[in-house]
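Before any comments, here is the structure.
Predicted model only: the values in this text are computed from it and were never measured.
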Amino acid sequence: MLISFKSKSSPEVLMYQEHAERILRLLHKSPQRGVITAAEATQALSLLEQEVAFTKEHPKQDVEHDVHTPEQEEGESAEHAALQRVSFSARAFPLLEMLRSASQQNEYIMWGV
């Protein structure tokens with residue numbers, strides 16, 4: 001299932017629910033429906049940036065939280081399978097940009113509506 005994040009400050013961001021849930025849990029928000037107000041955007045941005053920095057410093061922990069860890073296919077090297085994995089920082093980047101924009105333009109972000 002997809003979650004659609006919307007804000008007047010930036011284009012819509014679509015994310016698979018299982019990937020969005022990790023971010024929304026971090027922000028203490030429900031994945032079904034919610035809002036990040038303009039007042040909350042700065043703190044949410046800070047929390048998400050801290051988590052991105054942490055996962056970059058501890059990539060093994062990032063793998064443990066990954067919902068879709070690619071499996072090694074027949075004839076494929078382990079290195080290639082590892083390169084196919086998408087990091088938390090890459091998945092979070094579009095929402096980080098939306099939070100930055102919302103914070104600067106004093107807008108809110110909604111999903112599930």
| said: Could you walk me through whether E51 and K56 satisfy the side chain to side chain contact (heavy atoms under 4.5 Å, CB included) test, starting with their C-alpha distance in whole Å, then the side-chain angles of each, then the deciding distance to 0.1 Å, before giving a yes or no? | reply: CA-CA 9 Å; E51 184 70 9; K56 284 182 177 182; over 6 Å; no
Under a 3.5 Å distance rule, please check whether [X] uses its side chain to pair with a backbone N or O of [Y] as donor and acceptor.
X: S7; Y: I109; value: no
X: S101; Y: E97; value: no
X: H58; Y: F54; value: yes
X: Q43; Y: E40; value: no
X: K6; Y: W111; value: no

[X] vs [Y] side-chain heavy atoms within contact, under 4.5 Å:
X: F5; Y: L24; result: yes
X: M1; Y: Y16; result: no
X: Q17; Y: Q32; result: yes

| field | From V52, V13, I23, residue fulfilling side-chain contact (heavy atoms from CB on, under 4.5 Å) relative to L96 | value |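 It is V52; the other options fail the test.
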| field | Test side chain to side chain contact (heavy atoms under 4.5 Å, CB included) applied to L14 and I3, step by step | value | CA-CA 6 Å; L14 291 174; I3 292 182; over 6 Å; no
| task | Would you name the heavy atoms of I36 and K29 that are closest together and state the gap between them? | result |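 Distance-wise, the nearest heavy atoms are CG1-CE, 4.2 Å.
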| field | L2 vs M15, side chain to side chain contact (heavy atoms under 4.5 Å, CB included): CA-CA, chis, key distance, verdict | value | CA-CA 6 Å; L2 292 173; M15 195 177 291; over 6 Å; no
| request: Verify side chain to side chain contact (heavy atoms under 4.5 Å, CB included) between L48 and F93, making sure each step is shown before the conclusion. | output: CA-CA 10 Å; L48 195 49; F93 182 78; over 6 Å; no
| Is any side-chain N of the basic residue among E18 and R91 closer than 4.0 Å to the acidic one's carboxylate O? |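 No, this pair does not count.
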